[in-house]
Amino acid sequence: MWYRLVDTWIERLKWPIAALAVAWLPFIVWACLMLLVQVLSAPFGTIAFGAGLALFVAGWKLYLRFQSIGLWLMRAEHEATHLLFAVVTFHPIVGLSRESRHGSHVRFLGSGNWLIQISPYFFPTAAVVLWFFAALIPFSSIFFLKSIVLGFATGFHVVSTIREIKRDQDELRSLSWKFCWLFLPSANLVLLGAMLAYSQNGWSGFYRFFSDTLHLFSVGWNLVFPTSNLPAIAQ
């Protein structure tokens, strides 16, 4: 079955990807600092993004964390992210298992891989879904509203991730804390930076942010290995 082959390669790439994430982190941070300079020079779109993020955080602090619906939504997104990455790595979904303490869990064929297991701790499924639908709306006049919605969904992801890291110690421990600390900072920072860049300047901001991170990484690589024939990743 395809998923067994995919799992084998994902597991083999686990530590090389962790090493790449660590090597890439300084350049992601630098690209984020460049993005913050852009935001400070033209903050209009990002004000809406920040307002949406603050709205969710305030709603969580004052109301949602005390309601079963808020906790259920976070757990549902957590399991939906597992499901998404299981499907992406070709695992047939066979259903949900019920556990009294944590609710439902996705069940799929095969033993899985580290990418499925760690995915809820860096991938903002709710924000990406809203981002996708917002991208389908062609009217630039409501970009301000798009940014608010994206900021709200980003707030959901940030609060949910912090809460899950504190709660799901066993799930992360099984991956090894060393790997989590190597991989998760870069993964979270690049996705949060991408969403902030989109709120700042739409798709052109999104592409520019990724281009900056890749270009900086390419420059850094050539400084460390000046005799390398590695081509420039981005110009």
Side-chain angles (χ1 to χ4, degrees), residues 17-57 60 74 77-78 81 84-85 88 115 118-135 140 143-165 179-221 223 232-235:
I17 287 175
L20 179 62
V22 172
W24 195 15
L25 182 59
F27 308 106
I28 299 172
V29 172
W30 188 252
C32 287
L33 292 175
M34 293 168 60
L35 176 60
L36 287 177
V37 171
Q38 299 166 29
V39 167
L40 292 174
S41 64
F44 179 75
T46 311
I47 289 174
F49 178 85
L53 193 153
L55 181 63
F56 178 83
V57 173
W60 172 258
M74 287 189 173
E77 192 218 21
H78 183 100
T81 308
L84 174 64
F85 278 78
V88 167
L115 187 58
I118 205 172
S119 59
Y121 302 96
F122 75 92
F123 190 79
T125 301
V128 169
V129 169
L130 289 174
W131 195 357
F132 174 76
F133 284 109
S140 59
F143 184 74
F144 191 80
L145 179 59
K146 288 181 179 181
S147 293
I148 292 177
V149 172
L150 183 59
F152 187 88
T154 302
F156 179 96
H157 170 67
V158 171
V159 172
S160 176
T161 301
I162 293 172
R163 178 178 172 272
E164 287 165 352
I165 287 175
F179 174 77
C180 293
W181 278 109
L182 292 173
F183 175 78
L184 286 176
S186 294
N188 275 285
L189 194 57
V190 74
L191 286 170
L192 292 174
M195 286 186 283
L196 179 61
Y198 179 84
S199 74
Q200 171 69 10
N201 200 26
W203 286 111
S204 62
F206 175 85
Y207 294 133
R208 180 177 177 180
F209 175 74
F210 275 103
S211 177
D212 286 344
T213 61
L214 293 172
H215 178 61
L216 289 168
F217 181 79
S218 175
V219 171
W221 181 279
L223 287 174
I233 299 174
Q235 299 296 334

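All residue numbers refer to positions in the sequence shown, counting from 1. These numbers were taken from a predicted model, which means no experiment stands behind them.
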Stepwise ring-ring contact (aromatic ring centres under 6.0 Å, His included) test for Phe152 and His157: CA-CA 9 Å; Phe152 187 88; His157 170 67; over 10 Å; no
Between Pro185 and Cys180, the two heavy atoms sitting closest are CD-O, 3.7 Å
Report the C-alpha distance between Phe210 and Val190 in whole Å, list the side-chain angles of each, state the deciding distance to 0.1 Å, and finish with yes or no for side chain to side chain contact (heavy atoms under 4.5 Å, CB included). CA-CA 8 Å; Phe210 275 103; Val190 74; 3.7 Å; yes
Between Leu184 and Thr161, is a side chain to side chain contact (heavy atoms under 4.5 Å, CB included) present by the stated rule, with each step listed? CA-CA 11 Å; Leu184 286 176; Thr161 301; over 6 Å; no
Can you tell me how far OG of Ser147 sits from CE of Met195, rounded to the nearest 0.5 angstrom? 12.5 Å
Could you pull out the closest heavy-atom pair between Leu191 and Pro124, with the gap in Å? CD1-CD, 3.8 Å
Of all the heavy-atom pairs spanning Met74 and Arg163, show the shortest one and how long it is. SD-CD, 4.0 Å
Point-to-point distance, once rounded to the nearest 0.5 Å, from CD1 of Ile162 to CD1 of Ile165: 7.5 Å
In Å and rounded to the nearest 0.5 Å, what is the CZ to CG distance from Phe179 to Leu182? 8.0 Å
If only atom types and distance count, is the side chain of Ser211 paired as donor or acceptor with the main-chain N or O of Tyr207 below 3.5 Å? no
Has Ser186 got a side-chain atom pairing as donor or acceptor with Phe183's backbone, closer than 3.5 angstrom? no
So how far is it from Phe49 CZ to Leu196 CG, rounded to the nearest 0.5 Å? 5.5 Å
Minimal heavy-atom distance between Leu150 and Tyr198, with the atoms involved, is CD2-CD2, 3.5 Å
Do Phe123 and His78 have their ring centres less than 6.0 Å from each other? no
Can you see whether Thr125 engages Glu77 through a side-chain donor-acceptor pair at a distance of less than 3.5 angstrom? no
Does Leu192 reach the side chain of Val158, with side-chain heavy atoms less than 4.5 Å apart? yes
Euclidean distance, Ile47 CD1 relative to Ile148 CD1, rounded to 0.5 Å: 11.0 Å
Evaluate the ring planes of Trp203 and Phe206, with Trp represented by its six-membered ring, and classify them as parallel (under 30°), tilted (30 to 60°) or perpendicular (over 60°). perpendicular
Please set out all donor-acceptor pairs under 3.5 angstrom arising from side-chain atoms of residues 25-40, sequence neighbours excluded.
none

With no hydrogens and no angle check, is any side-chain donor or acceptor of Thr81 less than 3.5 Å from a backbone partner on Pro120? no
Distance check, rounded to the nearest 0.5 Å: Thr213 atom OG1 versus Leu189 atom CG? 10.0 Å
Should Trp24 and Leu214 count as side-chain neighbours, where that means a heavy-atom distance under 4.5 Å? yes
